Every structure is written in C-alpha cells, then in structure tokens.
Amino acid sequence: MATSGSAFTVTLPDGQRVAVAPGQSAGTVLRAWSPALERRMLAALFNGHPVDLAAPVTADGTLAPLTFEDRAGRDIVQHSSAHLVAKALTELIPEARPTVGPPTEEGFYYDFDVRPLTPADLDAVRAAMAQAVASSDPFARREVTKAEAAALFRGNPHKLRYIADVPEGEPVSVYSTGAFVDLCRGPHVPDAGWLAGVHILGFSAITPNTPDGPTLQRIRGVGFPTRAELDQYLKLRAEAEARDHRVLGRRLELFDFVEEAPGFPIWLPNGMVVVRELEQFVREHLRAADYREIRTPLLFAQSVYETSGHWEHYRENMFQTEIEGRHFGWKPMNCPGSMMIFRSRARSYRELPLRLAEFAPLHRYEASGTLHGLTRVREFVQDDAHIFATEEQVEAEVKTLLDWIASAFTTFRLTWRYELSTRPEHFLGDAADWDKAEALLERMLKASGVEYRVSAGEGAFYAPKIDIHIRDSLGRPWQTGTIQVDYQMPRRFGLQYQGSDGQLHTPVVVHRTIFGTWERFLGVLLEHTAGRLPPWMSPTQVRVLPLTERHTSAAEGLVDELRGEGLRVGLAAPDESVSKRIRAAELDRIPYTVVLGDKEVADGSVALRLRGVKENRTMSRAEFAAYARDRVRRREFDP
RNA sequence: GCCGCCAUAGCUCAGUCGGUAGAGCGGCUGAUUUGUAAUCAGCAGGUCGGGAGUUCGAUCCUCUCUGGCGGCUCCA
C-alpha cells in the first residue's frame, strides 16, 4: 500500500495511466479523462469493484466508469432507489424498521418490519420520493466502527443482526440520505436526482422465512435515471401484458376456466388442435427414440404412495378420496404406474433401456393463491416418460435427451436455461447415490457445453434433476422440462432385472419430460409468439376470403381442395367488408389468408396474405397448396 | 394458504352522492357486394359474483363466502 502524500498510478479503460493525488475522488479522475461521462456516469469500478464517484483513490489500480447500461450500474440505481423508498417510508412511519433492499432482475424491493401498509401509504411514499428526487438529496457515505453502528441502529433488531455478522475490527459503512441513515455496503448514485425514473410497482406482505419471524411488508419498484427510460419500460410492460396468454386464450378460443373448477383448464376445440399437434410432435420423437407408450390409473390406493414415498413427502399436494372405506390418492406423477409395469413380470437386461412414455392427466393440489392461467394449474398432462436403464446406460440416455431438448426448443424459437437442482433437505435414500446422480448430471451438462445454474437443495424428494426454464412475456421464469436420475424409487418398488451375469440387479430410472406440461408450455409459447403459433400448430391454418358473393362458390371449391391436402381451412363469407375480414383474420392469428376476386377466379390463382405482412403475393392454387403443406410439414414459422 | 386490490351484458368498461342500469366490440336480422386491420341500420342480451346485515328501499354501505389479479411461499 502506498503511503499518504505520494501519488497513485491509475490505469484508465483506454490503457492511459495517470498519476492521482491522494484524496482525489474516482469521479474527479474519470471526469478529467472524459468530460462527456458527466451526465451518464453514476459510479465507478475500481480494481473491478464498484465504488462511489466520491470515493477517494487509495491505491494504484484500474479505474472505469459505470453507467446505467452496465449491469453493476443498473443494480446501483435499483439499490439506491430502494434506499429512497426506505427514506420515504421511515419519514412517514418513524417506527418502521427497514431490513434489506436489494436489486432484483426486474428492479428492487425493500422489506420493512412495520404495520400492514395501505395504498394511501404508498401514495405518500411516492410523493416523498418525488420530493427527494426534485431536490437531488445526496447519498453520503461514512465509515463507523461496529460499536458505533450498533449504537446507531439500536432500535432495529434486523440491522443489529447484520452488524453482528461483520467480522470484528472491520469498519461498517453507512449511507445517509437527508436524515435517513442506512446500513449499507454501497455504492450509490451521487444523489437522488439520478433516480428521476423511479417507480413503485406495489407492495405485499411476505411470508416470514422463519416460523416465528415477523411478517414483513415488501415494497417493490424499479428505478431508472430518467423519466423517459421509465416511460419506455412502462410501454414495454403494457405491450407484454397484451400478450398475456390468458387474454389470448379467450380471444383465440383455445381454453377457458370456470369458477366452479379453479385451476382446472377447459380445453376448447381450437385449443385441442394445438394440444394434439404438440402431442403428435412429441410422439414422432418417441417413435424415433424407441419409446413405448402406456396408460396407468389416475388413482391408486394409499399403499402405492407409501411405497413410492409420495405419502411421506408429497401428500399435502395430493387430492385424496375414499372409496368403500379405502383411501385413494389422485396421482400427482406418473412414476408409480410405470414402476408397477416394470415390476409386473421378470425383466432381462436385454430389454434395457426400457423407455415407457405416458401422457396421463395428473392432479396436484396447488394452493389457491398460486394458480395462474395455464402456467400453474391443478390438472395437467406431462409429456412424461420413465427410462429403466443399467447404470452404464444412463449417460447415453441423458445425452440423447439434452440433444432432443435443444432441437425441440429451437423448433419453437424459444431460448431456455438449464438448472441443476441438487439434494433437498428431505430426501429419500442415501447420500452416496445422490452424489453419484448429481455428478453424472453435472458431467452431462458440462459435456454438452451449455450454460447452467446450480440450485442447491431444489431437487425432487427422490432424485436430483436438470430443469429447463423458459420465460413468459413479463420475464417471469417458468420451469418446464426436467431430467431426473433416480436410484431410490426402483429400489423402493423392488424393481429387478436379470443381468448377463445371471444376477439380479436394480435398474436406475430416468424420469423426464421435455416440455413439462402441455398447459404450461403452451401458456408460455402463446406469450412468446403473441399468439402467432407456427402454422403447423394453428387451429385454422388457412382462411379463404371470397371478395363478393360471385366468388363464394370458387372459394368453397378452394376450401375443399385445401382440406383435401390435409390443411385446416375456414371460409370468411362476404357479408362484411374485405378490410374487416382481413382485420379479423389478423386478430384470429390466421397464418395464411387468401383472397379470391374476379382476377383470381379467372386465372385459378390466389392472393396470399401472410399473417402480419401487408404485401401480398399471387400464386396458383396448386402452388399455394404445396407451399402451405410444405411449411406445415417442416414445422416452420412463416414468417 | 398469507397480504393488498378487484368482481356491472359473451368481451372491454362507464354509471347510480342508496330509488333495480348504459356504451363500444361481439351475436342475431336486414340493407350493402366491397381488393387487404373496423360499411350502415335495427334487435336481442344483465336476478350489477353468492349469502347475510343496515335501511322504507341495496348494484352502491357493512360482514362473509366464492372466484380473479399482483406479490410472498410453493411448483411442471
């Protein structure tokens, strides 16, 4: 460390090295380097660590500016916004005890130990925040000793707990904004004027993380340096809401819900077409990959779930019923049925890997507050399968699955993320098997070269898993597919096969779904495509539009012709204007709209309008039929 | 399940300071026969989510139940 009084050497992003006098701030150095940064630079990166612009340079090192465009800069804006919320709320309710206020992927939140909040409180908080922004209240950093910090926050047991975690002898930093002081590592934007685009999204009580802990009130928001950026965000959010699959489901008559069956989707005729197309897509893979399809009961007696472990670990999520004095449960997963089929007769190693697929309705009791359109329901169908394999075969099976996932999700133009979920707190079997299975899954993820995250303790109660996550239009992640390597359930069901060595062995079971459930996958796909499903999935693929009644019989002929080619075709009778019928076709998300007028009838052509494309093209009837059929067959988007 | 908010026609919403309700779209009928995102007119459609209370009188105020929405927790 350099001694006080001598200059430090700082390397700037362009490689330039400058001498910095002691006490000079990071902001001063950077502004001298590039005056244009003045309006955009909200903090700095010193030797890779974010620091306040006001922080003095205390050593040699690298220095770079941080703006809102940097992830770290964005987080600083979010976190500073959270401070502003805390300042406003503690001014309003002095006895409120702030706890933590971190940035999140979308914005930020701040949790308070305080009486239940009301919408009026929020209005007051908004007003106070606007005031702080208008007067550009500065964020001032100060370092104090642990004891000083403890004295400062003596009225707040939450902060005292965080202070207690600080290693002895290390200074504690606090930031003040006006009269509000918060325990905080920082850094922050220089002043509240940088938070002109701060916006409170809402508030809610949050479930305590310890059983005896207080219920905290969470205020959520999102921060932007300017009002214009906030407006842009709000506009995007409004657009995302317009893609809500629940709205599209009604408009396109895909599915419905009724009050009398909360969480149980009703599939309408159009929706069934989409579901069946997806099933067909999956079945083609199953045939190619040598699966056999089965169907097992929706209800089993309690004893089956005692064997599988569901009774002990999953009972709260199961619908149950009494039949002639016997206790039954609706199956929440397909595995028990598959296990029983494997066990139903002696098995040879020659049969392995045995891949059993089942698309049965499953029922899970989900708490009412968690239900959400198609993405969280109580009855659903998984593209489920169980692969019974020898330990040596598992790796190849997982590899095939990862390949299939990549190909399948690419077909839908979806981007996905893998998550490796490891042994949970309550688990079946012994830890050694879990370690083995977890290591195998991680090895496969590494080998496939894809990115993944590890979710420690998030595995199923019977096996670790690779989960696939995709996002809805508001950026909320949803888990869809899953691959689980299970040593436990085969053992519990007493599954055995005779090996080439003549001995009996227990198989390993790979539980897997690719799309997760039809319901959730389609919900997310609808939002992803704004309802513009690829032609092969569209309930109506072609709509024929006769210009006037003179053209109706030709149009009917074309409808028959195209239906003969296996296409799903509808006719829009000429009792409305062409414009109105075109508009309806767009709103109905019809991929191909063809107009027949005098010209087309005369030369046997069609005027084709692609969904969302204003320019239309003319081609012969036969050309169009071949074109549409080909697009559908290849399962391509168009456009 | 927990916290907050919401529930009026098939959909989106207006309205009644307490005296039982309207619009647009959609539907039906008629006129119009239209060249690529809304032709015109008429008609039908509502026990104002269910129950209870207050009141001479409740869609409106209160309570409660049900469902939905946004979070939390949980999850495919």
Side-chain angles (χ1 to χ4, degrees), chain A residues 106 109 111 116-119 121-122 201-209 215-220 241 244 246-247 250-251 253 256-263 314 316-317 332-333 362 364-384 421 458 460 465 467-470 474 476-482 484 511-521 523-524 545-552 572-588 593-600 607-616 618:
Chain A
E106 185 179 22
Y109 64 81
D111 288 344
L117 298 176
T118 67
D121 294 331
L122 235 52
L201 289 165
F203 69 99
S204 64
I206 62 162
T207 306
N209 43 14
T215 295
L216 302 178
Q217 305 291 317
R218 173 168 297 179
I219 298 181
R220 294 176 314 112
E241 276 165 17
D244 189 321
R246 294 164 296 189
V247 176
R250 190 177 289 122
R251 165 76 215 185
E253 292 190 33
D256 201 4
F257 288 93
V258 294
E259 190 180 323
E260 291 78 4
Y314 208 76
E316 290 70 34
N317 283 299
M333 302 179 193
L362 301 177
R364 295 185 189 175
Y365 168 67
E366 303 288 356
S368 56
T370 65
L371 301 176
H372 184 91
L374 282 184
T375 47
R376 189 73 184 274
V377 292
R378 287 174 170 158
E379 181 188 80
F380 52 84
V381 178
Q382 294 185 321
D383 61 320
D384 206 1
S421 298
E458 296 296 316
K465 51 186 190 163
D467 290 331
I468 299 156
H469 293 257
I470 54 182
L474 284 174
R476 290 177 291 212
W478 292 97
Q479 186 191 325
T480 57
T482 180
Q484 312 170 345
H511 309 242
R512 105 294 177 280
T513 76
I514 304 304
F515 297 105
T517 67
W518 304 148
E519 288 77 7
R520 179 173 288 181
F521 181 76
V524 177
L545 213 145
L547 198 58
T548 75
E549 266 160 22
R550 289 198 307 283
H551 312 105
T552 300
D575 48 8
E576 297 284 1
S577 67
V578 174
S579 289
K580 183 154 182 178
R581 284 180 285 158
I582 291 288
R583 176 180 153 83
E586 288 287 351
L587 292 175
D588 291 343
T593 302
V594 298
V595 175
L596 291 188
D598 286 338
K599 209 161 47 144
E600 289 77 16
L608 169 65
R609 179 186 169 109
L610 293 182
R611 181 171 57 192
V613 178
K614 286 197 191 321
E615 303 72 36
N616 44 78
T618 300

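Predicted model, so just to flag it, every value in this text is computed and none were measured. Proteins get letters first, then strands, A, B, ... in listed order; numbering begins at 1 in each.
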Check your understanding: Salt bridge between R609(A) and E615(A), side-chain N to carboxylate O under 4.0 Å?
Key -> no

Q.
Does E260(A) reach a base, just sugar-phosphate, or nothing at all? Heavy atoms under 4.0 Å.
A. nothing

RNA chain B nearest-nucleotide lookup for Y365(A) and L596(A): closer to the 5′ end is Y365(A)

Quick note, T548(A) side chain, CB onward, closest among G35(B), U33(B), A37(B) is U33(B)

Ranking A76(B), G70(B), U36(B) by distance to the side chain of R220(A), first place goes to G70(B)

inquiry  = So, OP1 or OP2 of G70(B): does either fall under 4.0 Å of a side-chain N or O from H372(A)?
reply    = yes

**Message:** Counting only side-chain nitrogens and oxygens, does R246(A) get under 4.0 Å of the OP1 or OP2 atom of G70(B)?
**Reply:** yes

Taking 4.0 Å as the cut-off, does a side-chain nitrogen or oxygen of S204(A) come that near to OP1 or OP2 on G71(B)?
no

Next on the checklist: Tell me whether the side-chain N/O atoms of K580(A) come closer than 4.0 Å to OP1 or OP2 in U33(B).
Outcome noted: no

Taking G67(B), G35(B), A76(B) as options, the one with an atom nearest any side-chain atom of V595(A) is G35(B)

_Charged N-O contact under 4.0 Å between E366(A) and R376(A)_ = yes

Per atom distances to the D598(A) side chain, the nearest of G35(B), U36(B), U34(B) is G35(B)

What one should report as the nearest heavy-atom pair of L610(A) and E586(A) is O-OE2, 4.1 Å

Ranking C69(B), A37(B), U33(B) by distance to the side chain of P574(A), first place goes to U33(B)

RNA chain B nearest-nucleotide lookup for R583(A) and H551(A): closer to the 5′ end is H551(A)

Among C3(B), G35(B), U36(B), the one nearest any side-chain atom of E600(A) is G35(B)

Review point. Hey, is D384(A) close enough to R512(A) for a salt bridge, meaning N to O under 4.0 Å?
Key: no

